Structure formats: C-alpha cells, structure tokens
Trainee: 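Supplied in structure tokens, the structure appears directly below.
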2 protein chains.
Amino acid sequence: MTTEAEQTANGSRNHAASHRVADYLRAAILSGEIGPGERIRQEDVAERFGASRLPVREALRILEAEGLTEHEPHKGARVPSLSMRDLSVIYQIRERLEPLALTESIPNLSENDLRELDRLQQRIEADTGIDEFLALDREFHLMTYTGCRVDQLSMMVVRLWNSTQHYRRAFMKVSGSGRRWVINAEHRLLLDAMERRDSVDAERHLAGHIRRTRTELSRHPEVFGGPTP
Amino acid sequence: MTTEAEQTANGSRNHAASHRVADYLRAAILSGEIGPGERIRQEDVAERFGASRLPVREALRILEAEGLTEHEPHKGARVPSLSMRDLSVIYQIRERLEPLALTESIPNLSENDLRELDRLQQRIEADTGIDEFLALDREFHLMTYTGCRVDQLSMMVVRLWNSTQHYRRAFMKVSGSGRRWVINAEHRLLLDAMERRDSVDAERHLAGHIRRTRTELSRHPEVFGGPTP
DNA sequence: CTATGCTAATTTGGATCCAATGTTCCCTCG
DNA sequence: CGAGGGAACATTGGATCCAAATTAGCATAG
C-alpha cells in the first residue's frame, strides 16, 4: 500500500483523468491547501491541471460521495466544516471500525511489513515537525491495515482519516508536543501485540489509543474557531 | 427520513440531474433489476432517462465512490460481485457501526417516531412476500437511525445496506420463512429497549440481531452461486 | 478445422459550445 | 443616505462533437 494508493481511498489503479484530478484535489484538501469552508472553482482546477472542466466535474462528484466536498446546484463545491460533535463521532466510528480492520489485517501481514512498521515508528520518534509527524503517523496506522483484504473496510477507514486530516493538524498545533510521548508509547504497545499476532490485545491497544485521542481532542474546542472565519 | 431520501445515502436534497440519475441507477441496482456482474452502458441509461450521457457519467462516478459500481478505463461500469468473505466482513462492520448509530439516534427520536416504528413492525409481522418484507425491514432499521444527526455515520450505514441488498434478497429466498419468526422477536426486543430509551440494551439486541443474521447467512454459500453466471 | 492477426464497429473519454442560474455592482427612487 | 431593483458578469449544468481504446467478427494461413 503506497502512500499514493492510500490517498485514492480505493485499491483500484484506475488512472482515468477524473481520478487523477480527484487525487490531486484530495491531496490539496488533505495538505490543508484548501481548508474547510473554502470554495473550489471548476475552471481554476481545470486550468491548473491542464485539462478541461469535464474531468474536474466528475472528480468533484467523486469527492462529494466521499464526503470531502459539499455541492449546491449552480453554486459549486466547497470543503465542509466539521463541528466538534461531528469530529467526536467520527473518532467513535474509528474506535469501532479500525480494530476490526486490524484483526482482518494481522494474519496477512508479512514479517517484512512488521519490520517496515518498526522503521516507521522509529522515524516517528525522531523529533520532526508537525507536518512530517502527521504524514508519518498516518502512514503508520494505514500500514497496519495493509493486510485487510476487504476493499470496503479499508476504504471506509481511509476516508475517515481523510475527512479529519485538517482538524488533526490544527489539534497538533495547539495541543503541544507533550502528547507525542504518549502516542509513541501507545504505538509501541500496539506494535508489540502485532508482532505476537495477538489480535485481541492489538485491538484493545488500538481502541484505547483512538479513545484517548478523542478525549484529548474534546478538550481543545479552539481547533474549530481558527481556520474557518 | 423518507424512503426516497434514504436511497440517496445523503441528507442533502441536491436534485441536480447527476443525482437524479444516480438515484435511478441506485434503485435499479437495489431492486435487483441490475444484478452483480452486470454491465451498465452509458448510452442505454441516458436514453432511458431522456438526458445526454454527461449526467450519466457523473452519476456513475458517484456510484463508484459509493462502492455500488466498479470501473475500468474504456471498459465501462459493472456492478461488483461480493464474495462470502466480503459479505461476512460487511456484516461485522454493521455489527459494530449500527449500534453506535442507534445510540446516537435514540435520544433524538420522538414518541411519534416510536409509534411509527411500531406500526412498521406490525406490517412486517403480516405475512407479506419476500420483496415487500425486504423493503419493510430496511425501512424499519433505517428508521431507527433517523435521529442520528451525524451525516457521515448515517451515510455509511445506508451504504452498507445498499451494497448487500441483492444478497439479502437471495438469502431470504433460500433460507425459507422460518427466520421471519426470529427476526420479529428480535425486532420486538429492540423496540422495547428503544421505548425505554435504554441505549445499552438496544445496542446489545441490535448487535445480536446482526450477528445472528451473519451466522445464518454463512450457512448458505449457495447465495453466491445463483445470480452471477 | 483451428488459431492468429487485421479491420470495423461499438463504447467510453475528453473538449468545446450553449443555456440556465446565481452573484455582484451600480443606478435610481424613496 | 440607504434600500431595492435591474442589468452585466461569472460560474455551473447540459448537449453535441471528435478522439482513443477495446471488442468482436471475419478472413486467411498453418
């Protein structure tokens, strides 16, 4: 599962233009280049992408179905803003879904995958900037689900990550780096359980990891004030 | 939550043509008119719908993102076939997600909603044909989630129902009507817990209901052989 | 008689053009 | 001076046209 493939939120290597545009826009939204509430004009995208508006329109329909954009007839597309309640429920969904994905994945992970996860965690523990941390953390978690062979489940998980990416960044910026220490410990416990192929234990650690993040997040309502003026 | 609105899998009353076509195709797939493995030709749909191919193309992108169709460049769209494992995992997802949606929903349900649910259950208990039963059962369950105000969660639930609709029909046809008795009892227990606003109990009954259906389903592998020759 | 390769027809993908709707800005009237 | 209306502009939605790719059918050679 390459980073590129993850972004597409589906395993198919469908490289029609609509999908390339969708990937481009998805990346722009995930990177924060396009923030919540911001509008997306079809012609701008078409021009920047060097194509006509048609593939852009199809791409916007895809993103709409993924929940990454909202549409109003004759008004266009914008990135939706989430409320604290929305975000909290999304974390509750993750808390129930991702352990399942993990259990589905663990039997299919190779020893090599596990070594790669270990290397990733070492890079996470190095003192990097926030953006690099976010990217690595995302890569780490999604990689633990690499072995999950059920497309619909992996897709759902990736989409949950996608729709919260912006708020995760805002959260990291205000919550300080004290949490990184906790996160690393939790990752280590998770990795240990995975190396023992102990699904039950791994599920428990993962659910706790997500639940604690949600709790911490709920203490920072200022995350919602900043980027949507 | 009207039946029509449910089908769209999102609360927005976005009645652009692409969405009307998407609704039309979705209904055709759910009703079994278009079965797994079957191909969808753009021009056919456009003609039958009295529009050009463009809205159809956008609609197909939407359905693709919803997992209701697969696409290959220059080959077109088809309804994907699910394996027994896929279906089983989808039921495991439902077993974890729907109880959450129920808990989110229960506090927001009016007394009137509950009475309506009761009437629905009475209609389910009447001895109807399979297709009517499937429609009513779907309406019943989705109605229990009416109070869930988190779009992403309701959307996920509806899509899980959508992607399994065809196999649920096939299952009912082979499993005989003995199960209906069990289903009715489980629905009654669920309704009772909901009327007491006991989320914990309701979650337990719902999870059990879904789990037992999955178990029963796994005893009927012939469901996958029939409709996809 | 079968297999392979070429050609023609079908179907999807993309671009441009036109129509419908929404928005903005300015002018006029109270 | 402010509010309301209208016209010009900007943006999205839909239809038709053309190009690219795949598939199917046929002919020919082994």
Side-chain angles (χ1 to χ4, degrees), chain A residues 8 10 12-26 28-29 33-81 228-229, chain B residues 8 10 12-26 28-29 33-81 228-229:
Chain A
T8 68
N10 60 11
S12 75
R13 298 299 180 279
N14 195 337
H15 272 225
S18 351
H19 286 240
R20 288 203 312 275
V21 176
D23 292 348
Y24 167 81
L25 282 174
R26 204 180 288 112
I29 294 172
E33 195 183 325
I34 310 177
E38 216 165 309
R39 187 163 167 200
I40 300 175
R41 281 186 43 252
Q42 296 179 358
E43 192 133 17
D44 285 355
V45 180
E47 197 171 347
R48 189 169 314 186
F49 209 81
S52 92
R53 269 175 44 218
L54 202 146
V56 178
R57 284 166 60 174
E58 291 182 23
L60 286 174
R61 298 296 181 188
I62 296 173
L63 296 179
E64 183 187 5
E66 291 178 13
L68 277 176
T69 60
E70 291 172 332
H71 277 250
E72 273 190 276
H74 289 107
K75 288 192 63 175
R78 43 176 72 256
V79 179
S81 301
T228 322
Chain B
T8 69
N10 61 11
S12 76
R13 298 301 180 278
N14 194 339
H15 272 226
S18 349
H19 286 250
R20 288 203 311 275
V21 176
D23 292 347
Y24 168 79
L25 282 174
R26 204 181 289 113
I29 294 172
E33 194 183 326
I34 309 177
E38 216 165 308
R39 188 164 168 198
I40 301 175
R41 280 185 45 253
Q42 297 178 356
E43 194 132 16
D44 285 355
V45 180
E47 197 171 347
R48 187 168 316 186
F49 209 80
S52 91
R53 269 175 44 220
L54 203 147
V56 177
R57 282 166 61 174
E58 292 182 24
L60 287 175
R61 298 297 181 187
I62 296 173
L63 297 179
E64 182 187 5
E66 290 178 15
L68 276 176
T69 60
E70 290 172 333
H71 277 250
E72 272 191 277
H74 288 107
K75 289 193 63 176
R78 42 175 73 257
V79 179
S81 300
T228 322

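From a predicted model like this one, the values you see are computed outputs, not experimental measurements. Every chain is numbered from 1, with letters handed out A, B, ... down the list of sequences. Excluded from the calculations below are hydrogen atoms, water molecules and symmetry mates; all remaining heavy atoms, backbone and side chain alike, are included.
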Trainee: I'd like to know if the side chain of A:Arg78 reaches the main chain of A:Gly37, judged simply by a donor and an acceptor atom lying under 3.5 Å from each other, with no hydrogens or angles considered.
Mentor: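 It does hold such a pair.
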Trainee: Can you find a heavy atom in the side chain of A:Leu60 that is under 4.5 Å from one in the side chain of A:Leu25?
Mentor: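 Counting from C-beta outward, A:Leu60 and A:Leu25 do come under 4.5 Å.
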Trainee: Please give, in whole Å, the distance from D:dG13 C1' to A:Glu64 CD?
Mentor: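 My rounded result for the distance is 14 Å.
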Trainee: To the nearest 0.5 Å, what is the distance between CD on B:Gln42 and CD1 on B:Ile40?
Mentor: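 It comes to 10.0 Å.
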Trainee: Sequence neighbours excluded, which residues qualify as side chain to side chain donor-acceptor pair (under 3.5 Å) partners of A:Thr69?
Mentor: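 Per chain and number, A:Thr69 pairs via side chain to side chain donor-acceptor pair (under 3.5 Å) with no residue.
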Trainee: Rounded to the nearest angstrom, tell me the gap between atom NE2 in A:His74 and atom P in D:dT12.
Mentor: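 Value for this atom pair: 10 Å.
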Trainee: Before you tell me yes or no, could you show the steps for B:Leu63 and B:Glu66 under side-chain contact (heavy atoms from CB on, under 4.5 Å), namely the whole-Å CA-CA distance, both residues' side-chain angles and the distance that decides it to 0.1 Å?
Mentor: CA-CA 5 Å; B:Leu63 297 179; B:Glu66 290 178 15; 4.0 Å; yes
Trainee: For the pair A:Glu58 and A:Arg61, find out whether any cationic side-chain nitrogen is under 4.0 Å from an anionic carboxylate oxygen.
Mentor: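 No, this pair does not count.
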Trainee: A:Glu72 has an atom CD; how far is it from atom P of D:dG13, in whole Å?
Mentor: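 Atom CD in A:Glu72 sits about 11 Å away from atom P in D:dG13.
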Trainee: Take A:Arg57 and B:Lys75, find for each the nucleotide of DNA chain C with the closest heavy atom, and name the residue whose nucleotide sits nearer the 5' end.
Mentor: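 Residue closer to the 5' terminus by nearest nucleotide: B:Lys75.
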Trainee: Heavy-atom nearest nucleotide on DNA chain C for B:Gly76 versus A:Ser52: which residue maps closer to 5'?
Mentor: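 Closest to the 5' end, via its nearest nucleotide, is B:Gly76.
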Trainee: Between atom CD of A:Glu47 and atom OG of A:Ser52, what is the distance when rounded to the nearest 0.5 Å?
Mentor: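 The distance works out to 12.5 Å.
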Trainee: Can you pull out the residues from residues 40-50 of chain B that lie within a 4.0 Å heavy-atom distance of DNA chain C?
Mentor: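 Within this stretch, B:Ile40, B:Arg41, B:Gln42 sit under 4.0 Å of the strand.
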Trainee: In whole Å, I'd like the distance from the NE2 atom of A:His71 to the C1' atom of D:dG13.
Mentor: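 Atom-to-atom, A:His71 to D:dG13, this comes out as 12 Å.
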Trainee: Do NZ/NE/NH1/NH2 and the carboxylate oxygens of B:Arg26 and B:Asp23 come within less than 4.0 Å?
Mentor: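 A salt bridge is present here (some side-chain N lies under 4.0 Å from a carboxylate O).
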Trainee: In this structure, how many angstroms lie between the P atom of D:dT11 and the CZ atom of A:Arg53, rounded?
Mentor: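 Taking atom P of D:dT11 as the reference, CZ of A:Arg53 is at 10 Å.
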Trainee: First and last nucleotide of DNA chain C in contact with chain A, 5' to 3', at under 4.0 Å to a heavy atom: what are they?
Mentor: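 Nucleotide range with atoms under 4.0 Å of chain A: C:dG14 to C:dT23.
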